[in-house]
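Read through the structure below, which is laid out as structure tokens, and then see the notes.
Order of the sequence lines sets the chain letters (A, B, ...), proteins ahead of strands, with each chain counted from 1. All figures in this text were calculated on a predicted structure; none of them were measured in a lab.
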Protein chains: 2
Amino acid sequence: MARKVGSHAGTTGPRVRAAALRLFAREGYAAVSMRAIAAEVGVQAGALYLYTPDKQTLLFDLMREHLEEVRAAWAAVRPDPAPPAERLAAFARFHVNHHIDRPEAVFIAYMELRALTPENFARIEALRRAYEGELEAILREGACSGAFRLPDARLAARALIAMLTGVTTWYRAGGPMSRAEVAEAYAALALRAVGAPA
Amino acid sequence: MARKVGSHAGTTGPRVRAAALRLFAREGYAAVSMRAIAAEVGVQAGALYLYTPDKQTLLFDLMREHLEEVRAAWAAVRPDPAPPAERLAAFARFHVNHHIDRPEAVFIAYMELRALTPENFARIEALRRAYEGELEAILREGACSGAFRLPDARLAARALIAMLTGVTTWYRAGGPMSRAEVAEAYAALALRAVGAPA
DNA sequence: AAGGTATCTGAACGCCCGTTCAGTTCAAGC
DNA sequence: GCTTGAACTGAACGGGCGTTCAGATACCTT
């Protein structure tokens, strides 16, 4: 046997990445073999190397695409000239809504950093810092203008990011609360945490 | 060669667990071999099996000990008859202070759940729920008494736990802030988040 | 219909894995 | 000082790992 019926790089490529995303999130990068990914796609292990140069790059690309997507999505909805409280509320709602639909990518991007080579780690960290810097800038500005009352902008940014991202560890669609309700609840917590009651 | 000079189960046992804790946290359970742990201890791989029946139990015991220690430590300092705001502040300070000194154990206990067998996972989850239930109870009580204003006690408990635990991802001793200052800053964020200004 | 190319198989490479165990050496109780 | 058992070695087991590649088959262009 060789080439499969209906095979096409345009479909197999995305299926490889989807399988890797799902398995990496569920079992962890190190615990997932290329053979397991291939089996999920319905292909032999060797065929994966038509779509990625190696396993490390497969992980790196998944992370990079996730972080670039987050940045682009935020840039598209970010209210730019707006008071700090409104910008913070928008960020919190956006962050929760965006992450709640991508628990697997979020999990990988935060937990498999240690599996990256030093070079790849540095590039991913730069992307993350750029995104998280958006929140820190909002907080810093609000602290300066007196709109927020907070201990330390950097600490508060880290604390709020952790809080907001944590939604992915428990939320599952079909529960008692809708995505929008959850996002609103988190936004209210974030606003009050910095002394800007909603 | 066989038995080492100065060898003693009372010293090697803890060194095995310490090495496993450090390596599991840094590389991940699946990525760490028994040979790597043995090398860190200065011993051959076979010798590890004098101290653990297998690799899985080694991980499970590390998690269980960590969670039982957290519960016991909180039980020892918990202010029991006290107003909700005071109890929340105590919990936040305790949680940050306790976790900030054990980043490796925290990381493992939250991230290697997927590496546990279903049986072991259930036991660890029960311990975690018991601890996090303490915070939820405080929030629920405060919401009932009107001391707190929050969207949903369970959601808020999860959000605050995620926020507080997040301190382990960035805090390193020797930075500009002391442990106590960090704990106080997080406690202030937590109090304000539930509408109980510090 | 034919040729070329994209896609995949199946076997193989060297290496590392968790775990076991017979054998060896050290420490401690008498 | 001898004996006994605790502590450890070193080799081995079967199996899985990431990756490569020659060969086979399906699709696409002409």
Over 12 non-hydrogen atoms of neighbours within 6.0 angstrom of CZ in A/R128: yes
Heavy-atom pair of closest approach, residues A/K55 and A/Y29: NZ-O, 3.0 Å
Distance, rounded to the nearest Å, where B/Q44 contributes CD and C/dT24 contributes C1': 14 Å
Anything under 3.5 Å between a protein N or O and an N or O of nucleotides 28-30 of chain D, put it in a table, one pair a line.
none

Side-chain N,O (B/T12) to OP1/OP2 (D/dA7) below 4.0 Å: no
A/K4 vs C/dT9: side-chain N/O to OP1/OP2 distance below 4.0 Å: yes
Distance test, side-chain N/O of A/Y49 to OP1/OP2 of C/dC8, below 4.0 Å: no
Aromatic ring pairing A/W74/A/F91, orientation class (parallel under 30°, perpendicular over 60°, tilted between): perpendicular
Whole-Å distance separating the CE atom of A/M34 from the P atom of D/dG18: 7 Å
Distance-only donor-acceptor test (3.5 Å): side chain B/R35, base C/dG18: yes
Nearest-neighbour nucleotide for the A/K55 side chain, C/dT19, D/dG18, D/dA24 considered: D/dG18
Between P of C/dT19 and CD1 of B/I37, the distance in whole Å: 10 Å
Side-chain donor or acceptor of A/H99 paired with backbone N/O of A/H95 under 3.5 Å: yes
Gap between atoms CD and C1', on A/Q56 and D/dT19 respectively (whole Å): 15 Å
Smallest separation among heavy atoms of A/R172 and A/T169, with atom names: NH2-O, 4.1 Å
Backbone of B/T117 reached by a side-chain donor or acceptor of B/Q56 within 3.5 Å: yes
Sugar-phosphate, base or nothing in reach of B/V32, heavy atoms under 4.0 Å: sugar-phosphate
A/L50 CG - C/dA6 C1' separation (whole Å): 9 Å
Main-chain N/O of B/P53 paired with B/T57 side-chain donor or acceptor, under 3.5 Å: no
B/L48 CG to D/dA7 P, straight-line distance once rounded to whole Å: 14 Å
Check: D/dA24 base within 3.5 Å donor-acceptor of A/R3 side chain: no
Distance below 4.0 Å between B/S33 side-chain N/O and C/dC16 OP1 or OP2: no
